[in-house]
Structures are given as C-alpha cells and as structure tokens.
Amino acid sequence: MPVGGLLPLFSSPAGGGLGGGLGGGGGRKVSGPAALRLTEKFVLLLVFSAFITLCFGAIFFLPDSSKLLSGVLFHSSPALQPAADHKPGPGARAEDAAEGRARRREEGAPGDPEAALEDNLARIRENHERALREAKETLQKLPEEIQRDILLEKKKVAQDQLRDKAPFRGLPPVDFVPPIGVESREPADAAIREKRAKIKEMMKHAWNNYKGYAWGLNELKPISKGGHSSSLFGNIKGATIVDALDTLFIMEMKNEFEEAKSWVEENLDFNVNAEISVFEVNIRFVGGLLSAYYLSGEEIFRKKAVELGVKLLPAFHTPSGIPWALLNMKSGIGRNWPWASGGSSILAEFGTLHLEFMHLSHLSGNPIFAEKVMNIRTVLNKLEKPQGLYPNYLNPSSGQWGQHHVSVGGLGDSFYEYLLKAWLMSDKTDLEAKKMYFDAVQAIETHLIRKSSSGLTYIAEWKGGLLEHKMGHLTCFAGGMFALGADGAPEGMAQHYLELGAEIARTCHESYNRTFMKLGPEAFRFDGGVEAIATRQNEKYYILRPEVMETYMYMWRLTHDPKYRKWAWEAVEALENHCRVNGGYSGLRDVYLLHESYDDVQQSFFLAETLKYLYLIFSDDDLLPLEHWIFNSEAHLLPILRKEKKEVEIREE
Ligand code: DMJ
C-alpha cells in the first residue's frame, strides 16, 4: 500500500497529497516559516516525527550486525542442498530472547538476569509492529466492511459455542481388544537386562520421591522436597501421575500403576477456574489418559480423556478456528501468549493436537474433535508459505501468518512431527498429511539444514530469510522424526532420510559430549568459532529433556547400530552422576560447570519421556512395536487406527 494511502487526512487542498503540499503543487508559495499555514505546520511536524520514528526503527529493528555477518561469512555450508538467501530481515534478536525466556519460565527453567531489558525491547517492538499492522489492515477497509467483518466473526464464534455446548450424550460402549506388544520379555543378553533393570530402578526413585514429597501436586522439587507447580496446568493437579501412567505400565510397576489409577479416579478434576496451556494439557493429560486407556483398557481413562477434551473445545472459538494458546477452563475464555507476534497462536501448539483429537473422536463417537483439528489443516493449506516454510506464528483472528520465523525446535517442532504421525496413525491413508510433511521437510532441508566446517549437520533457525546458526535441544527430536519418515519418503529418498536422522543424532550426541556433565545444553551454536557448544549463559541449562533419547530410540529401532545403545548408556551414567539426588532427579543450571548447580525441578516429562525412551532402547523391539504404536509428543502411546479392525471398536447398538 502506498504511503500516501496511509495518510489520507493530510492531503493538500490542491489534491496533490503529501508531495503536492510540500512541493508547492496547487500554486501555493512558501516564503518562510512565519508564512506557513496551520496545515503546513502540521505536515512539517508529521515529516519530522516520521524521521524520528525511522531513527528509532534503525536502532531497534535493523538486524544485529554480528548476526548478519555470521549468516554471510560463517563457513557453514548447506548440508545437502544449495544455500538459502541470506536476506536481512527485521531484527529478531529481542523477540527471540523473549520467546525463549517466556517458554523457559513456563517450564520452570532457571531465570536470566538480563531479562528485563531484553523483554522491554521485545515488547516495544512487538507493540509497534502490531499497531502498524492493525492500522494498515483497517485503513484498507471501508467502515461498512469492518462492521460486517466484526458481525460475521461474532456470529461464527457464537455458533461454534452453541454447537460445542450441545449435550454430550455419554460414551458409547466399546469392544476393547487387548493391545499388541505391551508386555515384554526380558532381553536375552545379560548386560542389556541389567541396564534395563537400572532404568526401571531410576523410574522407581523418581516415582517414590514424587509420591513421598509431592503426591497429587504437579511436579516434585527434589532438592527442597516439596511440590512444584507450573502455570502451564493452571490448577489442574497431578501432572506427574498422569504423565507417568504408561511408563509405569510398560515397566510393569503394577502397584504404582494401580495407585496412580486410584488417584485419577478420585482426584483428577478439570473443573478449575484457571488458565491452562492448551498444548501442554493436551500432550500431557489428554495424551497420558488416552495412552493409559489403550494399554490397560480401564474405562476411567477413556472417560477422563473425553471429559478433558470437551473442556478444551472452547479454545477453538476464534474467527479462524485456530485455537488459542491459553484457556480458562471454567469460563471458556481463551487468549494468546502476550509475547507471541502480535497476538498470534503458535504453530507447535495448535499443530500438536491432531493425534489426540482424532483419538478422542474415535473413542467418543463424536466427530467434533476431528473436525476441529481438520479445520486447522484447511486454514494452513489455504495460506501461502514463505519459501515453502511454515512460520511459527499464525493470527487466529485474521487467519494470517505473524512474524516469519521458522523453527524445527521450540515454537515449530511438534507440528512437523504430527504431520508425519497423522499419516502413520491413519494407517497411511491420510495422504494430505504425508504430502504436507514431505513438502515441509524439503523446504527445511533447503533453507535451514546446514553442515559445519567439521562436518556436523545441524538445523538452524530462520528469521525472515536470515539464518541463526543455533540448534535447540528441542530440535534434536528431529533425528528420530526423519528416520521414522524414511520409509514413506519419495522414491529414492529413504536412505537419505535415514542418514539425515543419523547425522542429527550424531550432532546432538556431540552437544552432550562437549559438556563437562555429558548432558546437552538447552541450545548450542555453530558460529563465532564454536560447534555444538552453548555460548550464552542462558542456554547452558539441562532440564531432564528427552529429545536426544527419543532420537536414539528411533535410530536404534531402525538401524540396530550399537552406538545408539552406547550413547544412551552414557546419558544414563550422566543422569546418575549429576542429576540424581536423594529426593529424585533435578535439572542443572549449567552443564559446563565442574559442580552441579540444581534447578530443583523434576519435570513430569522425565518420567513420561526420558525414562521411557531409555527403557525402550534396552528392550527388545517387540515391546511397543513401531508398526502398531505412535508416540505422541510427550511419548504417550496411541495405536494406529487400522482401516479394517481398530484396537478399540465402537460397538453397534
Ligand atoms: C515435552 O513436554 C514434549 O516433548 C514437548 O513436545 C516439547 N518439550 C517437552 C520436553 O522437552
């Protein structure tokens, strides 16, 4: 849109617009400041303020020069494809830091002393961008159009609300078929047996301490020996119990599973007047309950999963149907994270509901859950993708992308994972998901995947065309994803994707190996002369994350290369040496230090994911075979929905 169009009020009477007014168009003469008319003074004032805004913009919004240099000069090369353009985009540093901090804060990670200043800068820039975008959009429309849009949006949201409130007719009876591969034999090799037993002992230590010091609360503080509550779950309680259910089941910790089940029956309550993260509650609670149901056939888990699913439906009451990130479970009012690009929803959050919601429809006989997530697909498929990439932000009101930041780590990660798994979980019938996945992966390879000078393949972050040569611990899950998808890859590409998975596994192993504690940092860089090492203090922590074990698990299952068991065992030893304390397992503030500085949180995903993946690495492949089970983003188990006979069939009445 031309600038003149943004300033319609300031056109000169001669109709020459801004240029005409200043340049004397229309026959007016300007003899000196004293002779200026009020309108002209006003125009001058405007030009002056525009100049100030430009200066402000230059200081705060242009890209950081070091980043530009690292993008252009750093001697990394595309891992497998030609280099992406290094176009300078708007400065992304403050926004990035704010995102990271906000997410870490939510996950209970250690704080950052420089936070306040960066937060402020990020907020100023966000507000500025949002105001500009809104003004631009509004000025493009006629008043009648604006009014009509508002009315249409209101009507749509009201209709959705009415539909979701339609009485839920209770759960249909089902035939529960005993699931495949949930009981395991002891591994034949004594050394492997011993290792597996050790991992079970770790689970016992984590569980018993949670039970002793934080029973019924969300997570354990293993140093101070009390409960830890994260705002992610509002005041829903028992995150560790629900997250641990299926790990207890497959490790055959029967008494513990029974006590967890009783707690769910008697105490798990979703009627809470508090705001929760839709994504976190979905992957941990809905996923945990569904998984416990499919493993055990206990009806209570199906009932609770569907009850919670219904509670989450109001999150989808937005004009586009792209759900809010945050939802008050009682009022049904949703909103987005204040730091997320002008009120956007986050790709990895709304893109990580699909698997659970498909199963909710299957188990409840109600298509509404599936409809909600299929609509997300529809919205995404209508949008232009910059360079074929999916930005991390999407505005649920306009249905348009927010900032063009792309990541296979935080904010983007599990969206890609769920595309692949949606295809696999549908018994390979969901060809749309398959296409979306492989198209996205191709764009990621072209624009984000690079090789360092010593030959380590890594996945960088993309900010409007500019690469940041940093890889998050979260991104390490992608090794497993590439390998898992290899089988369905376009012709001649299967081996390539398996190798790509192996390369990512190697890089992530290096990120562990190059620390003192032998546990990987939250993010590691490939610039400024380092490779696979965290250089910023606020990226040196380890919060018991599972992604590297996840990739080892898939690589082990798919290749049986013994190095994956070796690397997994190194991690077990490191966890025992540095994270194990009397009161459970704690995260570490800095994996490069000689002495542990504990963060005092035993994350629920340590029991749901880290220990489960480790246990599977030292089990035979017939425990939870990949041909029958899909792991959700929190490592909860969902069976493949077979074309012919599903694991659980709704009974015809
Ligand atoms: C888990 O809650 C899930 O794996 C999620 O998708 C990403 N992060 C954590 C563990 O790191």
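Remember, it's 1-based here, ligands and their atoms both numbered in the order they're listed.
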Report yes if Ser414 has an N/O atom closer than 3.5 Å to an N/O atom of ligand 1; otherwise report no. no
Quiz item: Between Asp413 and ligand 1, does any nitrogen or oxygen pair lie at a separation below 3.5 Å?
Solution: no
Notebook entry, point to check: Is the number of heavy atoms from other residues, nucleotides or ligands within 6.0 Å of NZ (Lys211) greater than 12?
Noted result: no
Short list, please: which atoms of ligand 1 are under 4.0 Å from a heavy atom of [X]?
X: Leu474; value: 7 (C), 8 (N), 11 (O)
X: Glu609; value: 1 (C), 2 (O), 3 (C), 4 (O), 10 (C)
X: Arg284; value: 2 (O)
X: Pro546; value: 10 (C), 11 (O)

Notebook entry, point to check: Do you know the tightest heavy-atom contact between Pro323 and Leu353?
Noted result: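 So the minimum-distance heavy-atom pair works out to CG-CD1, 3.8 Å.
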Heavy atoms of Leu355 and Met425 approach each other most closely as O-CE, 3.6 Å
#### Entry: Passing option when Tyr585 is tested against His578, Gln602, Arg580 for side-chain hydrogen bond (donor to acceptor under 3.5 Å, both in side chains)
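The single option meeting the side-chain hydrogen bond (donor to acceptor under 3.5 Å, both in side chains) with Tyr585 is Arg580.
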The side-chain hydrogen bond (donor to acceptor under 3.5 Å, both in side chains) partner of Glu522 among Lys540, His473, Arg545 is Arg545
Side chain, backbone, both or neither: [X] near ligand 1, heavy atoms under 4.0 Å:
X: Thr352; value: neither
X: His473; value: neither
X: Gln603; value: neither

Q) Given the rule in the side-chain hydrogen bond (donor to acceptor under 3.5 Å, both in side chains) test, do Glu570 and His509 qualify, once you have shown the distances and angles that lead to the verdict? A) CA-CA 10 Å; Glu570 285 170 10; His509 175 254; 2.8 Å; yes
- Query: Does Glu550 come within less than 4.0 angstrom of ligand 1, counting non-hydrogen atoms of the residue?
  - Reply: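 Glu550 does not count as a contact of ligand 1 under the 4.0 Å cut-off.
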- Message: Once rounded to the nearest 0.5 Å, what's the spacing between atom CZ of Phe257 and atom CZ of Phe249?
- Response: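 Phe257 atom CZ to Phe249 atom CZ measures 6.0 Å (nearest 0.5 Å).
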